[in-house]
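Taking it in order: structure first as structure tokens, then the write-up.
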Amino acid sequence: MQFGLSYIAIIIAVLALMNTYPLLVSENMVFRSKASSMYSGVSVMVSALSGLDHLTEENVAAAMSVTEESGLSRILVADRSGRVLYDTRESRDAVGDYVLYTELVQALMGYDAFSCIYENGAFRSRASSPVLYRNEIVGAVYAYEYDREQAALLEELQGNLLRLSAVVGVVVLGLSWLLSALLARKIQALLTAIRQVREGAYSHRARIFGRDEIAQIGREFNSLTDRLQTTESARRQFVSDASHELKTPLAAIRLLSDSILETPHMDAALAREFVSDIGVEADRLSRITEDLLRLTRLDSGILDKPGPVELLPVLEQVLRMMSLLAQERGIELTYHAEEGCTVRGTKDEIYQVFYNLIDNAVKYTPQGGTVQVALRREGDEVVLTVEDNGAGIPEAELTRIFERFYRVDKARSRAAGGTGLGLAIVSDTVRRRGGTVQADNRFLGGAVFTVRWPAEAAP
């Protein structure tokens with residue numbers, strides 16, 4: 001409603017300007033034309049009188065008789081004292097009298113004078129100039145014009161503008177009402193959609209058609225709602241998965257502790273085994289909690305201040321620890337790394353990326369297999385690859401393995417001690433530092449993970 005009123009106010013202002021500016025310009029043009037024509041006519045009369053040393057009724061009448069018909073309503077000549085010597089007004093009552101017209105007084109003082117007003121449907125123009133003899137003022141010529149013809153043209157122009165404004169106003173107001181109604185309908189549909197989504201109906205979409213700005217806002221709103229719905233679905237799935245993952249070790253701990261408490265004469269070895277299992281489940285619970293906290297920090301954007309990090313020392317630190325696990329499993333762990341591979345980040349998050357990828361490869365590689373790690377510089381990027389010759393990843397699962405709590409083989413993942421969050425942490429950490437991570441299957445079997453970071457100048 002306010003938009004429509006503002007639009008109508010603008011239209012009224014434009015129509016008012018259209019009805020005043022042309023009239024003012026036309027009136028000003030008439031004034032200038034009058035000034036030019038009347039000065040020209042007065043100049044001719046002044047020239048006819050300029051040879052007289054003094055002005056009398058006779059010599060002024062004789063001089064003015066030779067001037068052409070000027071078309072002026074009145075011509076008056078006065079001597080230097082202001083006494084009228086010549087007057088074309090029919091009554092000629094003013095001859096011999098003294099007049100003090102403003103323009104005439106200014107002319108007797110040595111100035112050219114002109115004035116013009118528009119009133120009562122006519123232009124009233126007055127002009128006066130001094131008559132000089134040997135640079136002395138001997139009198140003045142005064143001219144007056146009463147013009148209704150040009151005033152009639154101006155009134156006709158004003159009438160045409162008013163009629164045109166009325167037609168334009170009706171058309172524009174009609175179009176404005178129509179456009180405002182369409183606009184109001186679209187805005188109302190958008191507001192309804194916003195209220196529905198605000199109430200939790202994330203599947204609701206704004207039905208706004210067209211190619212105007214409101215339709216574009218509607219499409220952007222629908223796109224935002226799609227993302228919101230996806231995020232909400234992911235959040236609910238994450239909460240459900242997190243609850244399930246936390247529930248499993250807690251249930252195991254509860255079962256084992258109840259078994260110990262309810263068995264009065266339990267064998268010491270069996271009790272020790274149960275307590276050891278409780279410790280394993282507690283460690284698993286601790287890992288899940290730490291991974292959840294790490295993901296929460298990533299989601300909230302709480303990241304440590306980044307700086308240049310040389311990757312080779314961090315990689316060697318991770319490999320020294322992982323080599324023990326690889327030896328226990330009978331897996332050959334090798335690496336090839338170049339110096340000068342520096343990226344922007346923190347040592348802790350780089351360590352976490354290396355650890356999760358290599359730990360994941362070692363856990364899912366069968367005994368006697370190999371895991372190969374390579375770190376190199378490719379142009380403006382630093383590239384890390386972690387390859388194994390295990391079972392690989394089903395093609396349908398490649399796009400989902402970076403989702404939180406997603407496992408290709410859930411039973412095997414739990415048996416290996418995984419939380420289902422490692423690859424999600426890798427993906428989020430790398431992406432927030434401007435990098436990418438990708439999973440593929442090797443041609444000869446197994447999987448390969450490729451991480452790319454923007455290269456950074458060495459510290």
Side-chain angles (χ1 to χ4, degrees), residues 290-291 294 298 303-393 398 401-402 416-418 421-459:
E290 290 176 359
D291 287 345
R294 189 173 288 109
L298 288 172
L303 301 175
D304 295 334
K305 185 177 181 181
V309 178
E310 175 63 40
L311 298 188
L312 181 56
V314 182
L315 177 60
E316 290 176 340
Q317 181 183 359
V318 174
L319 289 171
R320 281 194 297 269
M321 184 177 63
M322 294 304 302
S323 60
L324 298 176
L325 178 62
Q327 290 176 7
E328 291 179 0
R329 294 175 176 267
I331 297 170
E332 181 183 3
L333 176 60
T334 62
Y335 79 99
H336 173 76
E338 300 176 358
E339 295 184 353
C341 295
T342 305
V343 301
R344 191 164 188 81
T346 66
K347 288 185 179 180
D348 288 341
E349 65 187 35
I350 297 299
Y351 181 93
Q352 193 68 36
V353 171
F354 287 156
Y355 179 86
N356 284 339
L357 289 177
I358 298 173
D359 179 66
N360 194 68
V362 171
K363 285 180 178 178
Y364 294 101
T365 299
Q367 186 175 5
T370 60
V371 174
Q372 299 174 338
V373 180
L375 180 66
R376 62 187 181 276
R377 177 79 176 262
E378 290 185 0
D380 295 333
E381 292 182 327
V382 173
V383 181
L384 169 72
T385 58
V386 179
E387 303 181 47
D388 64 66
N389 61 352
I393 305 170
L398 282 173
I401 59 173
F402 294 105
L421 297 173
L423 292 180
I425 292 174
V426 170
S427 176
D428 285 5
T429 301
V430 173
R431 179 172 51 82
R432 291 179 186 277
R433 296 304 186 192
T436 60
V437 59
Q438 181 178 350
D440 296 289
N441 285 314
R442 299 176 61 201
F443 178 72
L444 298 177
V448 54
F449 287 83
T450 304
V451 181
R452 297 178 180 273
W453 289 278
E456 184 80 3

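Everything quoted here is computed from the prediction, not taken from an experiment.
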Query raised in the report: salt bridge (Lys or Arg N to Asp or Glu O under 4.0 Å) with R442: which residues, sequence neighbours excluded?
Result: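 R442: salt bridge (Lys or Arg N to Asp or Glu O under 4.0 Å) contacts with E387.
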Query raised in the report: Does E339 have any salt bridge (Lys or Arg N to Asp or Glu O under 4.0 Å) partners at least two apart in sequence or in another chain, and if so, which?
Result: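 For E339, no residue satisfies salt bridge (Lys or Arg N to Asp or Glu O under 4.0 Å) once neighbours in sequence are set aside.
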Which pair of heavy atoms, one from [X] and one from [Y], lies closest together, and at what distance?
X	Y	answer
P366	G390	CD-CA, 3.7 Å
I331	V362	CD1-O, 3.3 Å
V426	N356	CG2-CB, 3.6 Å
N389	G369	OD1-CA, 3.4 Å

Query raised in the report: Under the side chain to side chain contact (heavy atoms under 4.5 Å, CB included) test, which residues partner A447, sequence neighbours left out?
Result: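 Residues passing side chain to side chain contact (heavy atoms under 4.5 Å, CB included) with A447: D388, I393, N441, F449.
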Query raised in the report: Sequence neighbours excluded, which residues qualify as side chain to side chain contact (heavy atoms under 4.5 Å, CB included) partners of A374?
Result: R376, T385
Hey, what do you get for [atom1] ([X]) to [atom2] ([Y]), rounding to the nearest 0.5 Å?
X	Y	atom1	atom2	answer
T342	R377	OG1	CZ	7.5 Å
S323	E332	OG	CD	12.5 Å
E456	R344	CD	CZ	5.0 Å
F354	L315	CZ	CG	5.0 Å
Q327	M322	CD	CE	11.5 Å

Requested in this report: Would you check, one step at a time, whether the test side chain to side chain contact (heavy atoms under 4.5 Å, CB included) holds for V373 with I358?
Outcome: CA-CA 8 Å; V373 180; I358 298 173; 4.1 Å; yes
Under the side chain to side chain donor-acceptor pair (under 3.5 Å) rule, collect the residues that match up with [X], sequence neighbours excluded.
X	answer
D359	K363
Q438	D440
E328	none
E381	R452

Query - Pair listing, salt bridge (Lys or Arg N to Asp or Glu O under 4.0 Å) test, anchored in residues 311-321, at least two apart - result: none
With the side chain counted from C-beta on, respond yes when [X] and [Y] share a heavy-atom pair under 4.5 Å apart, and no when they do not.
X	Y	result
L311	V343	yes
L357	V451	yes
L384	T450	no

Report task. Return yes if some donor-acceptor pair links the side-chain N/O of S427 with the main-chain N/O of L423 below 3.5 Å, else return no. Result ->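 Checked: no pair found.
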**Report entry** Pairing of R433 and E349 as salt bridge, 4.0 angstrom limit
**Finding:** yes
Query - Y351 OH: over 12 foreign heavy atoms closer than 6.0 Å - result: yes
Requested in this report: Could you walk me through whether W453 and V353 pass the side chain to side chain contact (heavy atoms under 4.5 Å, CB included) test, one step at a time?
Outcome: CA-CA 12 Å; W453 289 278; V353 171; 4.1 Å; yes
